[in-house]
K.L.:
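Got a structure for you, written out below as structure tokens; questions coming shortly.
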Amino acid sequence: YYQVVIAAGNDRSDTGLAQVANKGGYDLLSGTGTSKNGITVAAVEEVESYIDPSSVVMSSFSNFGPTDDGRIKPDISAKGVSVSSCTSIGNSTYGLLSGTSMATPAITGMILLLQKHYNNITSNYMKAATVRGLICHTAKEAGLSNGPDYEFGWGLANTEGAAQLISAKGVSAVLDENNLVNGQVFTSNISISSTQKITATICWTDPTGAGNIVGDED
């Protein structure tokens, strides 16, 4: 149930880095930003009114993926440019700050709100994998091509859309949690009364892997 949220980093404007000069800012993610079970957040400019994917403008600094094994990272985008936040000048001072560390708290707060909404309806809380799937499934398209990419992830976070999907659970939407073992087959039957678009997202939590053990020689 514990979902880690990670800032993508702010190195894409550093032209002294080889990834920026030679790879256009791609392949900049490192450490926990590449973790399979975490949500890595990119920073975009404020979207006052979403019309289409071009409404979402990438910041100049947010790190691009992918991971070394080709997985989509970052996972999601949120406002991280000129965000009103507290400052260290005093106990009651505020200022405008930019960075993926400004975008990440928006996703953290989004998760808390969605968990509370889910609990109000079901008396339970979503597992972390469900949270990740829900956020990616309801994201608003961003970027030059349809679908997830290595810049915006699955797109602009959409808290309203995610909450509406939770409300529609069991009525016009399927939001299931299952435990599957290797080789197990899972089937879900969906009935519709008219021609319509159906979108499905599958998300899971990977078990802890066995690390490589290097022994010391005497």
Side-chain angles (χ1 to χ4, degrees), residues 1-8 33 35-59 62 65 71-81 83 100-143 146-179 188 190 192 196-206:
Y1 294 91
Y2 183 66
Q3 179 59 60
V4 178
V5 187
I6 307 138
S35 62
K36 290 184 179 180
N37 298 329
I39 294 179
T40 303
V41 184
V44 298
E45 296 184 10
E46 181 177 5
V47 181
E48 295 184 356
S49 177
Y50 181 90
I51 299 174
D52 56 38
S54 65
S55 302
V56 189
V57 179
M58 176 56 64
S59 67
S62 187
R71 286 177 290 114
I72 296 290
K73 288 285 177 176
D75 299 282
I76 199 69
S77 301
K79 177 185 175 181
V81 178
V83 178
T100 53
S101 292
M102 290 291 99
T104 302
I107 301 302
T108 304
M110 173 186 185
I111 292 172
L112 291 173
L113 290 171
L114 294 176
Q115 284 282 28
K116 180 58 179 174
H117 182 51
Y118 189 86
N119 180 258
N120 288 340
I121 292 177
T122 68
S123 299
N124 297 305
Y125 291 101
M126 293 178 284
K127 292 182 178 179
T130 307
V131 170
R132 293 194 300 276
L134 178 64
I135 289 176
C136 292
H137 184 90
T138 57
K140 293 184 176 181
E141 180 62 52
N146 289 332
D149 57 57
Y150 299 141
E151 302 176 7
F152 299 86
W154 267 259
L156 180 68
N158 180 9
T159 309
E160 181 182 18
Q164 289 173 341
L165 192 148
I166 291 174
S167 298
K169 172 178 166 63
V171 181
S172 58
V174 177
L175 186 58
D176 284 344
E177 294 181 330
N178 297 282
N179 292 320
S188 178
I190 300 174
I192 58 176
Q196 57 187 277
K197 179 181 178 181
I198 296 178
T199 304
T201 298
I202 302 174
C203 197
W204 61 91
T205 295
D206 283 321

K.L.:
Ignoring hydrogens, what is the shortest heavy-atom contact between Leu134 and Thr138? Give both atom names and the distance.
P.N.:
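What the structure gives for the nearest pair is O-OG1, 2.8 Å.
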K.L.:
Just by modelled atom types, is the Gly38 backbone N or O under 3.5 Å from a matching donor or acceptor in the Arg132 side chain?
P.N.:
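No: the side chain of Arg132 does not pair with the backbone of Gly38.
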K.L.:
Backbone N or O of Gly147 within a donor-acceptor pair of the Glu141 side chain at under 3.5 Å?
P.N.:
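Yes, Glu141 side chain to Gly147 backbone: donor-acceptor pair under 3.5 Å.
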K.L.:
Which distance, rounded to the nearest 0.5 Å, do you find between the CG of Leu156 and the NZ of Lys79?
P.N.:
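If we round to the nearest 0.5 Å, Leu156:CG and Lys79:NZ are 12.0 Å apart.
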K.L.:
Does CG belonging to Asn179 count more than 12 external heavy atoms closer than 6.0 Å?
P.N.:
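No, CG of Asn179 has 12 or fewer neighbouring heavy atoms, counting only those of other groups under 6.0 Å.
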K.L.:
Could you report the tightest heavy-atom contact between Tyr125 and Tyr1, atom names first, then the distance?
P.N.:
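The answer is O-CE2, 3.4 Å.
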K.L.:
Roughly how far, to the nearest 0.5 Å, is the CD1 atom of Ile198 from the CD1 atom of Ile192?
P.N.:
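Those atoms lie 4.0 Å apart.
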K.L.:
Closer than 3.5 angstrom, by distance alone: can the side chain of Asn158 be matched with the main-chain N or O of Lys140 as a donor-acceptor pair?
P.N.:
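It does not hold such a pair.
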K.L.:
For Gln196, does the CD atom have more than 12 heavy-atom neighbours from other residues, nucleotides or ligands under 6.0 Å away?
P.N.:
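Result for CD/Gln196: enclosed.
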K.L.:
List the atom of Pro53, the atom of Gly143, and the distance in Å for their closest heavy-atom pair.
P.N.:
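Answer, listing the atom of Pro53 first, then Gly143: CB-O, 3.7 Å.
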K.L.:
Output yes when a side-chain donor or acceptor of Gln3 lies under 3.5 Å from a complementary backbone atom of Val131, and no otherwise.
P.N.:
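No.
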K.L.:
Sub-3.5 Å donor-acceptor pair from the side chain of Ser77 to the main-chain atoms of Phe152, do we have one?
P.N.:
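Such a contact is found between Ser77 side chain and Phe152 backbone.
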K.L.:
I need the Asn119 CG to Ile166 CD1 distance, nearest 0.5 Å.
P.N.:
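Answer for the CG-CD1 pair, Asn119 versus Ile166, is 10.5 Å.
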K.L.:
Might you point out which heavy atoms bring Pro74 and Gly65 nearest each other, and give the distance in Å?
P.N.:
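So the minimum-distance heavy-atom pair works out to CD-N, 3.9 Å.
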K.L.:
Within a radius of less than 6.0 Å around CD1 of Ile202, do more than 12 heavy atoms belonging to other residues, nucleotides or ligands occur?
P.N.:
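At most 12 heavy atoms, drawn from other residues, nucleotides or ligands, come within 6.0 Å of this atom.
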K.L.:
State the CG-CE distance between Leu114 and Met126, to the nearest 0.5 angstrom.
P.N.:
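Result: 5.5 Å between the selected atoms.
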K.L.:
What heavy-atom pair brings Ser62 and Ala8 nearest, and what distance separates the two atoms?
P.N.:
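Result for this residue pair: OG-CB, 4.5 Å.
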K.L.:
Atom CD of residue position Glu160 - does it have more than 12 heavy atoms of other residues, nucleotides or ligands inside 6.0 Å?
P.N.:
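Not buried by this count: 12 neighbours or fewer within 6.0 Å.
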K.L.:
Say whether, by atom type as modelled, one donor and one acceptor occur between the side chain of Lys73 and the main chain of Ser35 under 3.5 angstrom.
P.N.:
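A pair under 3.5 Å: yes.
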K.L.:
Which heavy atom of Ile111 sits nearest a heavy atom of Ile135, and at what distance?
P.N.:
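It is CG1-CD1, 3.7 Å.
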K.L.:
Supply the atom-to-atom distance Tyr150 OH to Arg71 CZ, rounded to the nearest 0.5 angstrom.
P.N.:
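Result: 10.5 Å between the selected atoms.
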K.L.:
Can you tell me how far the CD atom of Glu177 sits from the SG atom of Cys203, to the nearest 0.5 Å?
P.N.:
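Answer for the CD-SG pair, Glu177 versus Cys203, is 11.0 Å.
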K.L.:
Any non-hydrogen side-chain atom of His117 less than 4.5 Å from a side-chain atom of Ile121?
P.N.:
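Yes; the side chains approach each other to less than 4.5 Å.
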K.L.:
Just to verify, which of Ile76, Ile6, Asp75 counts as forming a side-chain contact (heavy atoms from CB on, under 4.5 Å) with Val41?
P.N.:
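By the side-chain contact (heavy atoms from CB on, under 4.5 Å) criterion, Val41 pairs with just one of Ile76, Ile6, Asp75: Ile76.
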K.L.:
Whether the side chain of Ser59 engages the backbone of Ala43 through a donor-acceptor N/O pair (distance < 3.5 Å, no angle test) should be reported.
P.N.:
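Judged by distance alone, yes, a pair lies under 3.5 Å.
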